[in-house]
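What follows is a single structure, written as structure tokens, with notes after it.
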Amino acid sequence: MYILGIESSCDETAVALIEREEQDRVIAEQIKSQVPLHAQYGGVVPEIASRNHYEVIDHLTREVLKEAGLTIDDIRVLALTLGPGLMGSLLVGLSFAKGLAFANKIPLVAVDHVLAHIESAFIDNPGIRYPLVALVVSGGHTTIFYQKSKFKTEVIAKTRDDAIGEVLDKVAKYYGLGYPGGPILDKRYKDGDPNRYSFTFPKMSDGSDDFSFSGYKTAAIRHPAGKNANTNDQAFKDFISSFLNSIMDYVLTKTLSAVEHTKPKSLIVAGGVSRNSLLREKFTKKFTNSSVNLYLSSPRYCTDNASMVAWLGYEKYRSFPNINYFDNYLNSYSRASFRDRGPKYR
Ligand code: KG4
Ligand code: ZN
């Protein structure tokens, strides 16, 4: 069956067409990145984002159908990111999807964007087994989840302040390196000595397992090797490499602790920052020969896309055939309904 996915939660408008059951594959996807529109501001401007979604969403949908050689009549399920995200941006996707679903009598399945990031790992890895731990590292989220099964989700740890991607973007912006900072810093990592400077791992005073990244941000912005530096100085390059080395070690250490406590069969790492080459290298090294199977989301599905939305939409449609997908979203599957494990895995 064919499923159309729509994603508009932040600064990418994406529409994807997937096939499930007969074959499991992504047939077509169109992603319109708004990076050039926001670059001059060094961050996403919500009003610009929603206006751009509004301008392109209809065209992208037509393009995807054309690319797949299908029409809207062939679509059995429409999957949509309902949240979390920027409200104006989400509303564009929601209004468009509701209209399309209503006019063509297609069931509408609303999915959670962060859970869709976890699902992205399944697109190229159908054999992932539960229970699993999933680390989602992106521009808006840094969360470790435990899933007993696909729709039984608990939060093990989440960031108390900034998300990791947000910190990478802000540090790069502060030093005038460009936007978005994550991929730019990724490329610069190899230019410096990752062991020259040290950064302390944040610790929660209440003993919680949550993340905190604001200390990293402050340390990077106030770093002596950054002050008045030329970004081509070796000391500056070493500082950037050391900073990345520490922040990725922090994320790895927290994930290892979650894995040790919960003993899952699989570990998924997903979200925009999971595209980072150092992070991928560190996780791969640590989990080679481990009893826990590591699944890194494929690079093209790490950052925001609609294939992951369609993939999860299908799973939800298949698992809960009798619910009213849209109305029940907020009651049954929103992030607010995740059970929080609280500090120390109690
Ligand atoms: O998942 P995503 O597209 O959007 C959110 O849901 O937030 O993630 C975007 C984030 C940005 O902060 C961006 O800088 C970061 O992912 N990112 C990277 C890399 N590619 C994207 N961070 C580090 N290394 C990368 N290669
Ligand atoms: Zn995302």
Side-chain angles (χ1 to χ4, degrees), residues 5-14 16 29 31-35 38-39 41-44 46 49 53 80-86 89-90 93 111-121 123 134-143 145 158-159 162-175 177-190 194 213 216-217 220 240-241 243-252 268-283 296-312 335:
I6 296 177
E7 158 64 39
S8 73
S9 64
C10 190
D11 60 343
E12 263 100 19
T13 327
E29 167 139 36
I31 302 180
K32 166 76 176 30
S33 162
Q34 300 180 356
V35 162
H38 302 290
Y41 306 101
V44 178
H53 289 304
L80 162 81
T81 293
L82 192 61
L86 300 171
S89 295
L90 290 166
V111 305
D112 182 289
H113 179 80
V114 187
L115 296 187
H117 272 300
I118 300 177
E119 188 67 18
S120 70
I123 300 176
L135 167 73
V136 178
V137 274
S138 73
H141 306 274
T142 309
T143 310
F145 294 95
K158 57 190 178 306
T159 180
D162 295 332
I164 182 170
E166 193 180 345
V167 169
L168 301 180
D169 294 344
K170 281 180 179 163
V171 169
K173 179 185 175 186
Y174 182 80
Y175 287 111
L177 299 174
Y179 170 85
I184 293 167
L185 296 183
D186 190 353
K187 277 202 200 86
R188 292 186 70 114
Y189 173 74
K190 61 178 185 332
F213 290 96
Y216 267 111
K217 188 176 64 187
I240 291 294
S241 304
F243 171 68
L244 287 172
N245 192 30
S246 173
I247 210 166
M248 297 309 169
D249 269 344
Y250 173 52
V251 170
L252 175 65
I268 287 176
V269 184
V273 179
S274 70
R275 216 164 161 156
N276 184 270
S277 33
L278 179 63
L279 180 141
R280 295 178 87 84
E281 189 190 306
K282 282 187 187 291
F283 273 82
L296 297 163
S297 189
S298 300
R300 66 190 161 140
Y301 300 127
C302 288
T303 42
D304 288 350
N305 65 87
S307 296
M308 66 184 192
V309 173
W311 217 263
L312 184 57
R335 278 157 31 89

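Atoms within a ligand are numbered from 1 in the order they appear, just like the ligands themselves.
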Next item on the list: Please identify which atoms of ligand 1 are closer than 4.0 Å to at least one heavy atom of His117.
Entry: 1 (O), 6 (O)
Notebook entry, point to check: Looking at Leu279 and Val137, what are the two nearest heavy atoms and their distance?
Noted result: CD1-CG2, 4.4 Å
Note to self: Tell me whether ligand 1 is touched by His113 - counting only heavy atoms on the residue side and a distance under 4.0 Å.
What the structure shows: yes
Next item on the list: Could you count the protein N, O or S atoms found under 2.8 Å away from the Zn ion (ligand 2)?
Entry: 3
Note to self: Are the side chains of Ile31 and Thr13 in contact, using a 4.5 Å heavy-atom criterion?
What the structure shows: no
Check: Among all protein non-hydrogen atoms, which one is nearest to atom 26 (N) of ligand 1, and what is the separation to 0.1 Å?
Finding: Asp186 OD2, 2.8 Å
Note to self: Do Glu7 and His113 make a side-chain contact, defined as non-hydrogen atoms from C-beta onward lying under 4.5 Å apart?
What the structure shows: yes
Margin query: Could you tell me, atom by atom, which parts of ligand 1 come under 4.0 Å of a heavy atom of Val273?
Written below: 15 (C), 16 (O), 18 (C), 22 (N)
Check: Quick check: does any side chain N or O of Asn245 sit under 3.5 Å from a backbone N or O of Ser241, one acting as donor and the other as acceptor?
Finding: no
Checklist line | Atoms of ligand 1, numbered as shown, that sit under 4.0 Å from any heavy atom of Gly165 | finding: 12 (O)
Notebook entry, point to check: Are side-chain heavy atoms of Ile240 and Tyr189 found at a separation under 4.5 Å?
Noted result: no
Next item on the list: Taking the side chain as every heavy atom from C-beta outward, state whether Leu82 and Leu90 have any pair of such atoms under 4.5 Å apart.
Entry: no
Margin query: Go through it in stages, so that I can follow the logic: the residues are Tyr179 and Tyr41, the test is ring-ring contact (aromatic ring centres under 6.0 Å, His included), and I'd like the CA-CA distance, side-chain angles, deciding distance and then a yes or no.
Written below: CA-CA 9 Å; Tyr179 170 85; Tyr41 306 101; 9.7 Å; no
Next item on the list: Kindly identify the option in Asn276, Asp169, Val167 whose heavy atom sits closest to atom 14 (O) of ligand 1.
Entry: Asp169
Checklist line | Atoms in ligand 1 flagged as close to Gly140, the criterion being non-hydrogen separation under 4.0 Å | finding: 7 (O)
Notebook entry, point to check: Measuring from the heavy atoms of Cys10, does anything fall under 4.0 Å of ligand 1?
Noted result: no
Checklist line | ligand 1 versus Leu168: contacting region, heavy-atom distance under 4.0 Å | finding: side chain
Checklist line | Nearest non-hydrogen protein atom, atom 9 (C) of ligand 1 | finding: Gly139 N, 3.7 Å
Checklist line | atom 2 (P) of ligand 1 [closest protein heavy-atom partner, distance rounded to 0.1 Å] | finding: Asp304 OD1, 3.4 Å
Check: Is there a donor-acceptor contact under 3.5 Å from the side chain of Tyr175 to the main chain of Ala220?
Finding: yes
Notebook entry, point to check: Where is the nearest protein heavy atom to atom 17 (N) of ligand 1: which residue, which atom, and how far?
Noted result: Gly272 O, 3.5 Å
Next item on the list: Could you go through the side chain to side chain donor-acceptor pair (under 3.5 Å) check for Ser120 and Ser297 one step at a time?
Entry: CA-CA 6 Å; Ser120 70; Ser297 189; 2.7 Å; yes
Next item on the list: Kindly say whether Ala16 contributes a backbone atom to a donor-acceptor pair with the side chain of Ser307 at under 3.5 angstrom?
Entry: no
Item checked: Validation row: Glu166, Asp169 side chains within 4.5 angstrom (heavy atoms) -> no
Notebook entry, point to check: What is the closest protein heavy atom to atom 22 (N) of ligand 1, and at what distance does it sit?
Noted result: Gly182 CA, 3.3 Å
Next item on the list: Kindly indicate, with the supporting measurements, whether the criterion side chain to side chain donor-acceptor pair (under 3.5 Å) is fulfilled by His117 and Asp304.
Entry: CA-CA 8 Å; His117 272 300; Asp304 288 350; 3.0 Å; yes
